[in-house]
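All values reported here derive from a predicted model rather than from experimental measurement. So that the names make sense, note that chain A is the first sequence line, chain B the second, and so on, each numbered from 1.
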Number of protein chains: 2
Amino acid sequence: MSKKIEISEKDPSTEEKIKEAARKVFQKKGYAGTRTRDIADEAGVNLALLNYYFRSKEKLFDLIMGETMLLFFQSLKALINNENTSLQEKMQDFTNQYIDLLISQPQLPIFILNEIQMNPKGLSERMCLHQVVIGSYILKQFREDLGNNDIPDSALIQMIVNIIGMLVFPFIGKPLLKEIFNLTDEQFQAMMYDRKKLVPLWIESMFSNPINPSYFTLIQNIKL
Amino acid sequence: MSKKIEISEKDPSTEEKIKEAARKVFQKKGYAGTRTRDIADEAGVNLALLNYYFRSKEKLFDLIMGETMLLFFQSLKALINNENTSLQEKMQDFTNQYIDLLISQPQLPIFILNEIQMNPKGLSERMCLHQVVIGSYILKQFREDLGNNDIPDSALIQMIVNIIGMLVFPFIGKPLLKEIFNLTDEQFQAMMYDRKKLVPLWIESMFSNPINPSYFTLIQNIKL
DNA sequence: GTCTATATTTAGATAGAC
DNA sequence: GTCTATCTAAATATAGAC
């Protein structure tokens with residue numbers, strides 16, 4: 001509390017070292033699986049300093065998780081509300097942005113999804129994800145692209161799920177895919193770079209194919 | 001060890017009650033997040049009985065995880081080696097089977113993927129996933145369908161990742177999707193049933209679109 | 001087989017010297 | 001701000017009565 005921003009930025013402050021280590025260990029092992037001692041070791045600092053700087057394991061986790069969610073979702077907001085790009089351009093931007101992010105931090109999706117599973121209301125609500133997505137400009141563009149009237153909202157959601165899945169799933173499944181296909185980290189990464197070109201094509205072909213409204217359960221009547 | 005199979009199958013034996021409870025709690029909270037007390041409570045039995053029957057938390061977990069992996073992957077093996085079904089039929093079978101399984105146990109994918117992340121070699125190796133997939137009949141069918149020669153193996157993997165992702169990702173993302181789109185469990189489930197018809201269509205359109213080999217990083221030279 | 005009581009181990013947090 | 005030593009709480013595991 002009485003702590004101010006460090007004046008010099010030579011090498012990372014102890015506080016910063018701990019945060020960096022915490023991010024890494026929490027992402028790898030999850031909250032329950034992480035020992036505070038692991039974080040201290042990873043940071044190369046004394047265990048007692050964690051409590052000195054962050055009060056408790058839980059507070060440290062909340063801090064990291066908040067920052068992580070922000071990193072993951074904030075860039076999205078500007079992108080999906082940009083009124084100057086076409087749907088196709090947005091898909092390409094989206095793809096580039098997320099694949100680059102996830103190549104640098106592959107554990108991000110499973111980390112976030114685990115947290116949301118443990119605590120569904122908590123953080124997703126704080127990010128106002130529902131409002132952000134529902135009120136977005138991209139949603140209008142999606143509707144127009146699909147022909148507006150006769151396609152139910154559930155069809156839209158199905159498409160969006162596929163798009164997010166194509167970007168995110170390979171990283172969630174990374175350890176499994178590496179095993180199944182005997183991939184090195186380099187090969188996996190090269191494949192993810194390829195995806196920057198491929199995902200927009202797959203999206204395109206998904207949208208250009210005619211969709212039969214009868215495929216969708218209309219009774220449930222989902223309204224966005 | 002000295003324990004034999006129960007003769008009568010009236011109501012679940014204590015051992016079975018514990019296993020069932022363990023499955024449920026481990027799937028929901030993960031290994032580290034689970035307290036043995038939670039399992040005992042969930043099963044409605046005394047805590048000491050867990051150790052009486054299963055020796056330790058870890059042994060109980062290994063047992064559950066082994067069974068879970070078997071459930072998830074064994075049905076796959078017969079299906080992908082069936083020489084009497086076309087690729088299209090396989091895709092439909094695959095879809096039906098996995099969506100039904102996952103609707104009844106939505107936590108399965110994230111549970112398994114978490115475990116593999118914590119312990120990548122361990123269980124996936126015991127299931128021989130690499131051998132099973134590489135030697136499968138379906139892989140030949142995929143190659144034929146794609147025109148055999150000029151498509152690199154990495155393209156095949158990309159496709160397979162998409163297929164698995166379309167089936168599995170919605171369940172991994174379920175808590176997040178429910179938040180974003182304000183879905184009830186019933187609505188989510190109805191959408192997953194819709195997917196039984198939709199996924200094969202999307203796969204079809206993905207395959208029927210011409211693929212340009214230049215989209216793939218050939219240098220990495222992945223060979224299955 | 002099941003229970004109560006307890007031992008053991010592990011992990012988060014803090015006091016107090018420097 | 002940092003460290004050592006220690007406290008406390010929680011969770012796993014077991015001993016022994018029934």
Side-chain angles (χ1 to χ4, degrees), chain A residues 1-66 114-115 118-119, chain B residues 1-66 114-115 118-119:
Chain A
M1 267 311 168
S2 62
K3 183 125 191 334
K4 278 284 154 206
I5 295 114
E6 293 296 322
I7 298 134
S8 77
E9 293 290 330
K10 36 197 176 184
D11 60 15
S13 66
T14 299
E15 188 171 352
E16 202 47 53
K17 274 191 282 185
I18 294 172
K19 274 179 64 176
E20 206 42 60
R23 201 182 329 275
K24 191 169 165 186
V25 179
F26 278 137
Q27 280 191 20
K28 184 162 160 204
K29 306 196 178 182
Y31 177 76
T34 294
R35 313 287 90 124
T36 51
R37 285 166 168 84
D38 300 340
I39 298 176
D41 290 352
E42 175 73 34
V45 305
N46 188 284
L47 173 60
L49 293 175
L50 298 217
N51 294 293
Y52 174 75
Y53 281 107
F54 301 99
R55 248 345 257 191
S56 75
K57 178 188 178 184
E58 199 180 347
K59 287 212 172 50
L60 176 54
F61 181 79
D62 288 345
L63 183 71
I64 298 293
M65 183 49 82
N114 267 320
E115 167 62 17
M118 294 299 171
N119 185 359
Chain B
M1 267 308 171
S2 61
K3 183 121 194 334
K4 277 284 153 203
I5 292 113
E6 293 296 322
I7 297 135
S8 78
E9 293 291 330
K10 36 195 177 187
D11 61 13
S13 66
T14 299
E15 187 171 352
E16 202 47 54
K17 275 192 283 186
I18 293 172
K19 273 178 65 175
E20 206 42 61
R23 202 182 328 276
K24 191 169 164 185
V25 180
F26 278 138
Q27 280 191 22
K28 185 161 159 204
K29 306 195 178 183
Y31 178 75
T34 294
R35 312 286 90 127
T36 50
R37 280 151 221 272
D38 300 339
I39 298 177
D41 291 352
E42 175 73 34
V45 304
N46 187 284
L47 174 59
L49 293 175
L50 298 219
N51 294 293
Y52 173 75
Y53 281 106
F54 302 98
R55 238 4 245 187
S56 75
K57 178 186 176 184
E58 198 180 347
K59 287 212 173 49
L60 176 56
F61 181 79
D62 287 346
L63 183 71
I64 298 293
M65 183 48 83
N114 267 320
E115 168 60 17
M118 293 301 171
N119 185 358

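In this structure, A/Ile18 places its CD1 atom 10 Å from P of D/dG1, rounding to the nearest Å. When rounded to the nearest whole Å, the span between OH of B/Tyr31 and C1' of D/dA11 equals 11 Å. Between B/Leu47 atom CG and D/dA15 atom P the separation is 15 Å, expressed in whole Å. Between B/Leu50 atom CG and D/dA11 atom P there is a gap of 14 Å when expressed in whole angstrom units. Remark: P of C/dA11 and CG of A/Asp41 are 12 Å apart, rounded to the nearest angstrom. Taking atom CG of B/Asp38 as the reference point, atom P of D/dA10 lies 14 Å away to the nearest angstrom. Taking atom CZ on A/Phe54 and atom P on C/dG12, their separation rounds to 16 Å, with Å as the unit. For B/Leu49 and C/dT4, the CG to P distance is 10 Å, given to the nearest whole Å.
Note on A/Thr36: a side-chain N or O is less than 4.0 Å away from OP1 or OP2 of C/dG12. Within the structure, a side-chain polar atom (N or O) of B/Arg55 is placed less than 4.0 Å from OP1 or OP2 of D/dT14. Contact check, A/Tyr52 against D/dC3: no side-chain N or O comes under 4.0 Å of OP1 or OP2. OP1 or OP2 of C/dT4 has at least one side-chain nitrogen or oxygen of B/Asn46 nearer than 4.0 Å. Taking 4.0 angstrom as the limit, A/Ser56 places none of its side-chain polar atoms (N or O) nearer than this to OP1 or OP2 of C/dG12.
In this structure, B/Arg35 contributes its side chain and B/Ala32 its backbone to a donor-acceptor pair below 3.5 Å.
Tested against B/Asp38, the residues B/Lys57, B/Lys28, B/Lys29 include a single salt bridge (Lys or Arg N to Asp or Glu O under 4.0 Å) partner, B/Lys29.
On a pure distance criterion of 3.5 Å, no polar donor-acceptor pair joins the side chain of A/Arg35 and the base of C/dG12.
The nucleotide whose nearest atom lies closest to any side-chain atom of A/Asn51 is, among D/dA15, C/dT14, D/dA13, C/dT14. Considering only side-chain atoms of A/Tyr53, the nucleotide from D/dT14, D/dG1, C/dA13 that sits closest is D/dG1.
The existence of a salt bridge linking B/Glu20 and B/Lys17 is excluded, since no basic side-chain nitrogen approaches an acidic carboxylate oxygen closer than 4.0 Å.
Relative ring orientation between B/Phe61 and B/Phe26 is described as perpendicular, the plane-to-plane angle rising above 60° on a 0-90° scale split at 30° and 60°.
Looking at heavy atoms from C-beta onward, A/Thr36 lies out of side-chain contact with A/Leu60 at the 4.5 angstrom threshold.
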